[in-house]
Amino acid sequence: MPEIRLCIAPYLYHFAPAFRIFAELLGVKLGSTGPRDLKHLMETKNTPMAIVPGGFEEATITCRGTERVFLKTRGGFIKYALRHGYDLVPCFTVGDSDMFSNPQGAWKFRWWLNGLSIPAVLPFGFPVLPLLPKRVRVKLAIGAPLHMPQIQNPSREDVEKHRKRYLAALKATYEEAVQGTASAGRPFEVW
């Protein structure tokens, strides 16, 4: 979908020119999730955009045999959607956690690293070349758009109300997509 702008971590967008050049060669339009950058994209109605709200923390909690999202404390993307009147489309990739093993534990240290914009992951995939993913079936589920009202200055209560709506829609998208996959029967974990 070449019209979608993929919004990535600000440091990758601003300080990794090789990454940006590679993405552009593949025809991927990039943007930054930095507050100023995201505000600019939304004010200029640069649509559609894809944002992974779980970020480095979601990569950190990824573990084989689980289906996890890091959204308990994520509300910034909801606030921006409300402020600028953007709809949210819940998406979930079922089975992607099985592509790599990622050790669990040492959470305080790993959250600290994430706070420094360092992904605290140690992925191990294909046995011979561990940085390549294991061959597993994955299924991308795209839910129905979740209409968000435009609220110029959303309160914390507004953000929390619509974050819960988004989580419910994401869970429904997951539950529909997981049927008939290797992930069937796994709980949908929200961290």
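For the numbers below, each heavy atom of this structure counts, side chains included, while hydrogens, waters and symmetry mates do not. Please read all numbers here as calculations on a predicted model, not as lab measurements.
A donor and an acceptor atom, one from each side chain of T60 and N114, are located under 3.5 Å apart.
Residues G125 and K134 approach most closely at O-CE, 3.2 Å, considering heavy atoms. The shortest heavy-atom contact between G54 and R74 is O-NH2, 3.2 Å. Across L170 and C91, no two heavy atoms sit closer than the pair CD1-O, 3.3 Å. Residue C63 comes nearest to R68 through the heavy atom pair CB-NH1, 3.7 Å, listed as atom of the first residue, atom of the second, then distance. Pairing each heavy atom of T62 with each of N102, the nearest pair is O-ND2, 3.1 Å. A pairwise comparison of heavy atoms in G75 and V159 identifies O-CG1, 3.6 Å as the closest pair.
Each salt bridge (charged side-chain N to carboxylate O under 4.0 Å, His left out) pair with one or both residues in residues 111-133, not counting sequence neighbours, would appear here, but there are none.
A continuous path of hydrophobic side-chain contacts links L71 to V178 [ILVMFWY only; heavy atoms under 4.5 Å]. The hydrophobic clustering, which links ILVMFWY residues whose side-chain heavy atoms are closer than 4.5 Å, places F22 and L12 together. Side-chain heavy atoms closer than 4.5 Å link hydrophobic residues (I, L, V, M, F, W, Y) into clusters, and following such links, possibly through other members, connects F109 to L116. Residues L6 and L26 share a hydrophobic cluster, clusters being chains of Ile/Leu/Val/Met/Phe/Trp/Tyr side chains in contact below 4.5 Å. Residue V190 is grouped with residue I78 when hydrophobic side chains (ILVMFWY) are merged at heavy-atom distances under 4.5 angstrom, including chains of intermediate members.
Using a 4.5 Å cut-off on side-chain heavy atoms (C-beta onward), F56 and S117 make contact. Counting heavy atoms from C-beta outward, E189 and T66 have side chains that approach closer than 4.5 Å.
Cluster partners of I61, using a side-chain heavy-atom cutoff of under 4.5 Å among ILVMFWY residues and allowing indirect links, are F70, W107, W111, W191.
Rounding to the nearest 0.5 angstrom, the gap separating the OG atom in S155 from the CD1 atom in I151 is 7.0 Å. How far CZ of R110 is from CD of Q104: 6.0 Å, rounded to the nearest 0.5 Å. In this structure, CE in M99 is found 12.0 Å from CG in L132, a value given to the nearest 0.5 Å. To the nearest 0.5 Å, the span separating CG on L38 from OH on Y80 amounts to 6.0 Å. Between the NZ atom of K45 and the CD atom of E43 there is a distance of 9.0 Å, given to the nearest 0.5 Å. With values rounded to the nearest 0.5 angstrom, R20 atom CZ is found 10.5 Å from F15 atom CZ.
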For residues 138-149, dump all side-chain donor-acceptor pairs below 3.5 Å to protein atoms at least two apart in sequence or in another chain.
from : atom 1 : to   : atom 2 : distance (Å)
K139 : NZ     : A177 : O      : 3.2
H147 : ND1    : D87  : OD1    : 3.0

Would you be so kind as to tabulate the donor-acceptor pairs closer than 3.5 Å made by side chains of residues 30-37, with sequence neighbours excluded?
from : atom 1 : to  : atom 2 : distance (Å)
S32  : OG     : G34 : N      : 2.9
S32  : OG     : D37 : OD2    : 2.9
T33  : OG1    : I8  : O      : 3.2
D37  : OD2    : H14 : NE2    : 2.7

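Between F19 and Y13, the ring center distance fails the sub-6.0 Å criterion.
For R186, the side chain to side chain donor-acceptor pair (under 3.5 Å) criterion is met by E67, D98, S183, not counting sequence neighbours. In this structure Y174 satisfies the ring pair (Phe, Tyr, Trp, His ring centres under 6.0 Å) test together with F92, F188, sequence neighbours excluded.
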Report task. Give the C-alpha distance, both sets of side-chain angles, the deciding distance and a yes or no for side-chain contact (heavy atoms from CB on, under 4.5 Å) between L82 and F77. Result -> CA-CA 9 Å; L82 289 169; F77 72 106; over 6 Å; no

Requested in this report: Start with the C-alpha distance between H40 and T44, add both sets of side-chain angles, then the distance that settles side-chain contact (heavy atoms from CB on, under 4.5 Å), and finish with yes or no.
Outcome: CA-CA 6 Å; H40 173 73; T44 57; 3.7 Å; yes

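Because its NZ or CZ atom is not both nearer than 6.0 Å to the ring centre of F100 and within 45° of the ring axis, R64 does not count as a cation-pi partner of that residue.
The environment of CD in Q150 is crowded: more than 12 heavy-atom neighbours from other residues, nucleotides or ligands sit within 6.0 Å. Counting heavy atoms of neighbouring residues, nucleotides and ligands inside a 6.0 Å radius, atom OH of Y11 exceeds 12 of them.
The one candidate from K164, E160, R165 that meets the side-chain hydrogen bond (donor to acceptor under 3.5 Å, both in side chains) condition with H162 is R165.
A perpendicular orientation is assigned to the rings of H84 and Y86, their planes being inclined by more than 60° (bins at 30° and 60°).
Taking 4.0 Å as the cut-off between side-chain N and carboxylate O, K29 and E24 do not count as a salt-bridged pair.
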